[in-house]
Structure formats: C-alpha cells, structure tokens
**Q** 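Have a look at this one before I ask anything.
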Amino acid sequence: MIGLALAIIIIGVVFGFVIPWVGIVVGLVGLALFVAFLVGFGRGAPRSRP
C-alpha cells in the first residue's frame, strides 16, 4: 500500500506539470493513501497472546 501511495503521488506531480488540476487531485489521493497507511488503516487488530 505504501508503494501504491508513493506511485500515485509521483504520478500526481508529473501530471501537475501537464494538467495542473488533474495532478492536484491525483496527488491528494496519493497523500490520503499515505496518511491512511501511517495511521494504520487496513491493518488487522493486534492479537493478544495468553
């Protein structure tokens, strides 16, 4: 997931030079995925061991 987020951010930067509005939206989506990864979204709950 972190690789996908970074790839989308890079694509957003590239599109930012060609089509600015598309690049901004794609970059924000990548940034949102990266933040979701950092806060732990998509990970399983930690299991307690007896």
**Q** List, by chain and number, the other hydrophobic cluster members for Leu28, where Ile, Leu, Val, Met, Phe, Trp and Tyr join if side-chain heavy atoms come within less than 4.5 Å, directly or indirectly.
**A**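 Besides Leu28, the hydrophobic cluster comprises Trp21, Ile24, listed by chain and residue number.
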
**Q** Taking all heavy atoms of Ile9 and all of Gly27, pick out the closest pair and write down the distance.
**A**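 Closest heavy-atom pair between Ile9 and Gly27: CG1-O, 4.2 Å.
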
**Q** State, to 0.1 Å, how close Gly30 and Ala5 come at their nearest heavy-atom pair, and which atoms those are.
**A**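 Heavy-atom minimum between the residues: O-CB, 3.7 Å.
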
**Q** Check the hydrophobic clustering (I, L, V, M, F, W, Y; side-chain heavy atoms under 4.5 Å; chains of links allowed) and say if Ile8 and Leu6 are grouped together.
**A**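 In one cluster: yes.
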
**Q** When you group the ILVMFWY residues by side-chain heavy-atom contacts below 4.5 Å and let the links chain together, are Phe34 and Leu4 in the same group?
**A**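 Yes, it is one cluster - the side chains of Leu4 and Phe34 are joined through contacts under 4.5 Å.
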
**Q** Can you name the nearest heavy-atom pair linking Val18 to Pro20, along with the distance?
**A**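 In terms of heavy atoms, the two residues are closest at O-CD, 3.7 Å.
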
**Q** Check side-chain contact (heavy atoms from CB on, under 4.5 Å) between Ile11 and all other residues, then give those that pass, not counting sequence neighbours.
**A**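 Expected list: Phe15, Val26.
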
